[in-house]
Amino acid sequence: MESYIKLSWEFFKRNLSGHMEYRTAFFVEVFGMVINNFAFVIVWVIFFAQFKQIKGWGLDEILLLNALAGMYYGLMVTFLGGYMRIGKLISEGGLDYFLSFPKDPLWHIGVSRMPASALGEILYGLITFTLCKYATPEGWAIYLLVGILSAIIFSQFIVLAHSLNFFFFNATEASQEIIWTTMSLSMAPQSVFEGGVKFIMLFIFPSLLIAGIPVDVIRNFNVQNVLILVGIAILITLLAQSVFRYGLKKYESGNQIQANM
Amino acid sequence: MTSGVVRKYSIFNESFGKYYAIFAINIKSSMAYFGALFIGFVSSFAKLLTYSLIYKAAFEAFGPDKFPDLTLAQVIWLVVFTQSIYISRDTMHEISASVKSGQIAVFLNKPFSYPLFHYFSYLGKTIVPTVTDLAFGSVIAYFLVGPVPIDIFNVFAVLPLALGALTLIFFQSFIFGLISFWIEDPDSVSRIYHKFDMVLGGRIIPIILFPEPLRTIALYLPWAQQFYSVGKNLIIPDHSEIIRFYLLQGFWVIFFGLVSIWLFRKGVKNIATNGG
């Protein structure tokens, strides 16, 4: 485990120094992402200028939701950014390279990439959190803890969605659609999901798992809620790892010869 | 050195027949993957369900006071039309890739106009997904919030607006693609620019729900002409307003069209000086 953490850190430094080669482009990407993401907040500022609040959610809750989204998405793409291309690797037979190493292939795929904008997502999360009423000293600690747990849940959901490619022919587009739809749903006020709709938002497009429940944990902090979130993170990790490993048995090599310089 | 390619090159090149063929080929090729379009059905359902839940909660609490003349069904149908136009295919990456790889030089030697080739190919690629998404969205909206009355006259009245909306989207994508002549990766600039679609195009919040003076300002901007115009004039028609939409959309189409042609001519000269 310790060696994986050390290696992950080395990969992060390598990815970062790769981006720093084009320093200006890197900073444009980082700060561009912060500006870009603020558009989501502006939409809700306009909305709440007319409707004040819906089902207990106002602008503060939307800021919190955006802060959390920036943190979990940012952490995921910073440390496991390669997960976003699992589907493509499976459907194009590109896993061979990762299977030839002694370390876990899923971990290796994850750490192999970090988009230049990744740190911009985290920065956006931190800035947005400072703007909402939950940014107390204890609030910061809870936010960071819940952000890490949400990043674990979100990253494992990405693995599950992309693993569809093991079982269905060319499901890359379908898995991307599931991911982007879940992400866009997770940016909406989660209090509107009630009754049967909760089932869809838990098991098909799990926005409640990656955003709804974590936001509730920050809003109403208690140990029991945190333990529930930890339980969800463990369960989804076990499920994603099992599905990926089972899927690997169905994987067909692309017979690709690659030179990785 | 000025190459023969640039000297002989014309934006509007020869007969229209070949552009129709490009348009038709792209429609056929998007029909070949018709099954893939159904993937979008489930996500359209989830998004429209979410919007209807949000607006239902908002309208039940504040609607009658704030918007006495507007119904929940009208708002959801407005979102359906805006989202369908938004689904139109982005040509920026295609153009950007051909500029960066130098493939554009090969295109310029072909007996057709490069902008028109991409325009008709874009229309061909876009129409099937847009109409399919509209059909899916309409079915979903019908079951979620019920129908809204639509006058057949208005359907014909908004058809030119729909074509104008797609043309506006194309010109903007074309401009961002051409920017690759000067900027290595136009993605980050275009990503920020397209956020205006989301905020001021009424994609999530229909412009009719905007507070003043933002509503009035937004109605004059290009994003309202490309995303909001069709749905607004179909769902909440006002014959005095439609003329204004025609004029404003016409203005923005001409504006972005001229910028596209100017950038294209400037960019093509770069190919000549760099040797292609």
Side-chain angles (χ1 to χ4, degrees), chain A residues 22 24-57 116-117 120 170-182 184-197 200-201 204-205 207, chain B residues 33 35-63 65-67 70 75 83 144 183-212 214-215 218:
Chain A
Y22 303 99
T24 311
F26 172 71
F27 286 113
V28 167
E29 276 284 333
V30 169
F31 291 105
M33 187 50 74
V34 175
I35 297 167
N36 175 66
N37 286 353
F38 263 106
F40 293 107
V41 173
I42 294 168
V43 166
W44 290 105
V45 168
I46 296 170
F47 183 89
F48 286 117
Q50 296 288 49
F51 295 111
K52 307 302 171 210
Q53 62 158 239
I54 47 169
K55 302 211 167 181
W57 277 53
S117 57
N170 203 5
T172 317
E173 207 168 314
S175 45
Q176 291 289 4
E177 191 74 37
I178 292 170
I179 292 165
W180 292 119
T181 303
T182 304
S184 69
L185 297 179
S186 68
M187 300 305 283
Q190 303 291 302
S191 57
V192 298
F193 302 132
E194 292 173 327
V197 180
I200 300 174
M201 303 306 165
I204 301 173
F205 301 109
S207 75
Chain B
Y33 299 100
L37 298 173
F38 283 85
I39 295 166
F41 180 75
V42 181
S43 68
S44 288
F45 170 72
K47 283 181 198 166
L48 285 174
L49 178 65
T50 307
Y51 290 132
S52 62
L53 289 171
I54 291 170
Y55 285 114
K56 187 168 177 273
F59 264 67
E60 277 173 1
F62 303 96
D65 297 333
K66 279 261 179 192
F67 305 99
L70 199 63
V75 173
Q83 293 284 339
L144 287 176
I183 297 174
E184 172 72 19
D185 185 10
D187 245 353
S188 50
V189 188
S190 112
R191 201 168 42 219
I192 293 171
Y193 178 83
H194 285 304
K195 282 295 174 285
F196 286 101
D197 297 353
M198 190 177 80
V199 179
L200 296 170
R203 265 176 48 206
I204 295 175
I205 307 173
I207 294 173
I208 199 162
L209 299 179
F210 281 17
E212 287 291 3
L214 187 63
R215 187 190 309 172

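In the text below, chain A, chain B and the rest are named by the order of the sequence lines, each starting its count at 1.
Closest approach of B:A57 to A:V192, counting heavy atoms only: CB-CG1, 4.5 Å. Here the closest non-hydrogen pair linking A:L185 and B:K47 is CD2-CA, 4.0 Å. Across all their heavy atoms, A:P189 and B:I54 have their closest contact at CD-CD1, 3.8 Å.
Residue with the most contacts toward chain B among A:N36, A:T181, A:N37: A:N36 (heavy-atom pairs, distance under 4.5 Å). In terms of heavy-atom pairs under 4.5 Å with chain B, the best-connected choice from A:F40, A:W57, A:W180 is A:F40.
Only the side chain of A:V28 comes within contact range of chain B, judged by heavy atoms closer than 4.5 Å. For A:F38, no part lies near chain B; criterion is any non-hydrogen pair under 4.5 Å. Heavy-atom distances place both the backbone and the side chain of A:F47 under 4.5 Å from chain B.
To the nearest 0.5 Å, atoms CE (B:M198) and CD1 (A:I42) are separated by 8.5 Å.
Aromatic ring orientation, A:F51 versus B:Y55: perpendicular (interplanar angle above 60°, classes split at 30° and 60°).
Counting only heavy atoms from C-beta outward, the side chains of A:Q50 and B:F210 never approach each other to under 4.5 Å.
Interface residues of residues 199-208 of chain B toward chain A, defined by a heavy-atom distance below 4.5 Å and sorted by number: B:V199, B:I204, B:I205.
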Are A:M201 and B:T50 close enough, and set up right, to give a side-chain contact (heavy atoms from CB on, under 4.5 Å), and what steps lead you there?
CA-CA 10 Å; A:M201 303 306 165; B:T50 307; 4.0 Å; yes
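Every residue two or more places apart in sequence or in another chain that forms a side chain to side chain donor-acceptor pair (under 3.5 Å) with A:S175 is listed here: A:N165.
Ion pairing between B:E60 and A:K55 fails under the 4.0 Å rule for side-chain N and carboxylate O.
Counting heavy-atom neighbours within 6.0 Å of B:F196 CZ, excluding the residue itself, gives a total of 12 or less.
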